[in-house]
Amino acid sequence: MVKVKEIFTSIQGEGPLVGYKQLFIRFCGCNLKCAYCDTDFDAKNAQEYTTEELINVCNNNGDCHSVSLTGGEPLMHTDVIKALGNNCKLPLYLETNGTLAENLTEVLDYITYISADIKLPSCTNMPPMWEKHEDFFAAAGDKYLFAKVVFDNNINDFEIHKITHLCKKFDIELILQPMMSGKFPVVNSEFMQEILDKCIKIHPKTRLIPQVHKFIDVI
Ligand code: SF4
């Protein structure tokens with residue numbers, strides 16, 4: 001049995017696969033405490049599922065592009081991910097904070113897409129995790145992987161240097177995602193453009209993609 005906070009279908013609202021219909025499985029628990037986190041992944045009021053039940057839900061939603069494993073931190077549930085990978089007809093799309101390299105290694109064969117965060121100390125209020133992210137990207141091998149960076153007005157040049165060189169090293173897309181307050185970014189458009197331009201100079205595979213689902217009022 002595994003505690004799952006919610007299961008629903010919606011569109012992917014972030015990153016390069018934005019707009020695809022997905023089945024979302026939100027797992028409980030996370031190994032981080034980001035200051036901006038607005039996700040309820042508390043095990044309180046969560047529902048318990050057997051892996052067979054989860055597999056059935058996945059296979060009953062065949063019109064979806066993929067199954068988004070989200071949280072919380074889905075990599076805290078590697079046994080469930082393996083079971084889903086072995087039995088689901090849909091590809092698995094992992095939405096992770098990009099810090100649990102060993103757990104990723106366990107499930108890598110079962111995952112098709114990896115959306116991994118790079119956490120900026122300036123907006124998470126967490127200690128730097130550059131080495132953890134680097135280990136994580138190395139563990140992803142040649143999987144379809146991109147890095148997502150939530151930023152606000154406090155992003156600084158040192159962080160820009162770190163995120164661009166990290167993504168350049170692994171030759172992956174860097175997706176800049178302005179932090180949102182309701183339907184709107186907390187940074188203005190000039191600042192977004194400035195940060196995008198600074199990143200592109202170092203790593204041309206940088207894109208700016210806001211959370212689309214928030215301003216079209218989809219979950
Ligand atoms: S890693 Fe994600 S789910 Fe966990 S605290 Fe940070 S924003 Fe929230």
Side-chain angles (χ1 to χ4, degrees), residues 2-8 10-18 22-47 67-78 80-81 92-107 111 113-137 139-140 145-155 159 162-163 166-167 172 174-187 208-214 218-219:
V2 60
K3 283 197 168 180
V4 172
K5 194 69 193 189
E6 54 181 347
I7 300 179
F8 56 98
S10 185
I11 62 154
Q12 175 54 242
E14 303 176 351
L17 298 186
V18 68
Q22 289 186 318
L23 177 73
F24 289 80
I25 300 179
R26 186 179 305 290
F27 290 94
C28 298
C30 186
N31 59 319
L32 300 184
K33 277 190 181 169
C34 306
Y36 59 75
C37 185
D38 60 359
T39 308
D40 179 9
F41 53 78
D42 200 315
K44 225 185 299 167
N45 303 326
Q47 200 175 327
V67 178
S68 171
L69 307 174
T70 189
E73 176 47 61
L75 281 177
M76 293 170 72
H77 307 277
T78 50
V80 181
I81 294 176
L92 301 184
Y93 176 107
L94 178 67
E95 301 204 53
T96 170
N97 60 36
T99 59
L100 300 175
E102 282 182 22
N103 299 38
L104 176 65
T105 304
E106 270 186 58
V107 300
I111 302 287
Y113 308 99
I114 307 174
S115 165
D117 291 347
I118 301 178
K119 298 293 187 185
L120 300 184
S122 65
C123 75
T124 59
N125 286 344
M126 301 275 297
M129 285 175 268
W130 311 121
E131 285 174 17
K132 282 191 175 172
H133 291 313
E134 185 160 354
D135 290 347
F136 188 91
F137 292 165
L145 163 74
F146 62 90
K148 199 183 72 191
V149 177
V150 175
F151 70 99
D152 63 12
N153 284 305
N154 297 314
I155 187 170
E159 290 177 330
K162 293 298 281 187
I163 60 177
L166 197 51
C167 292
I172 58 173
L174 166 59
I175 310 298
L176 296 172
Q177 185 175 291
M179 192 190 292
M180 303 287 275
S181 172
K183 289 184 177 184
F184 301 101
V186 299
V187 291
L208 184 117
I209 308 178
Q211 288 179 301
V212 170
H213 57 293
K214 291 211 171 163
V218 173
I219 297 174

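Start at 1 and go down the list; that is how both ligands and their atoms are numbered.
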Worksheet item: Using a distance threshold of 2.8 Å, what protein N/O/S atoms lie below it relative to atom 8 (Fe) of ligand 1?
Response: Cys37 SG
Worksheet item: For atom 2 (Fe) of ligand 1, what is the nearest protein heavy atom, given as residue, atom name and distance?
Response: Lys119 NZ, 3.9 Å
Worksheet item: Should the ring pair Phe27 and His77 be called parallel, tilted or perpendicular, given that the plane angle runs from 0 to 90° and is split at 30 and 60?
Response: parallel
Worksheet item: Do the side-chain N and O atoms of Glu14 and Ser115 include a donor-acceptor pair separated by under 3.5 angstrom?
Response: no
Worksheet item: In terms of side-chain heavy atoms, does Glu73 have a donor or acceptor partner in Asn97 at a distance below 3.5 Å?
Response: yes
Worksheet, complete the sentence: Here the pair of heavy atoms bringing Leu32 nearest to Met126 is CD2-CE, 3.7 Å
Practice prompt. Side-chain contact test, heavy atoms from C-beta onward, threshold under 4.5 Å: evaluate it for Thr39 versus Arg26 and give yes or no.
Written response: yes
Practice prompt. Please examine the side chains of Tyr36 and Asp152, heavy atoms only from C-beta on, and report whether any two atoms are closer than 4.5 Å.
Written response: no
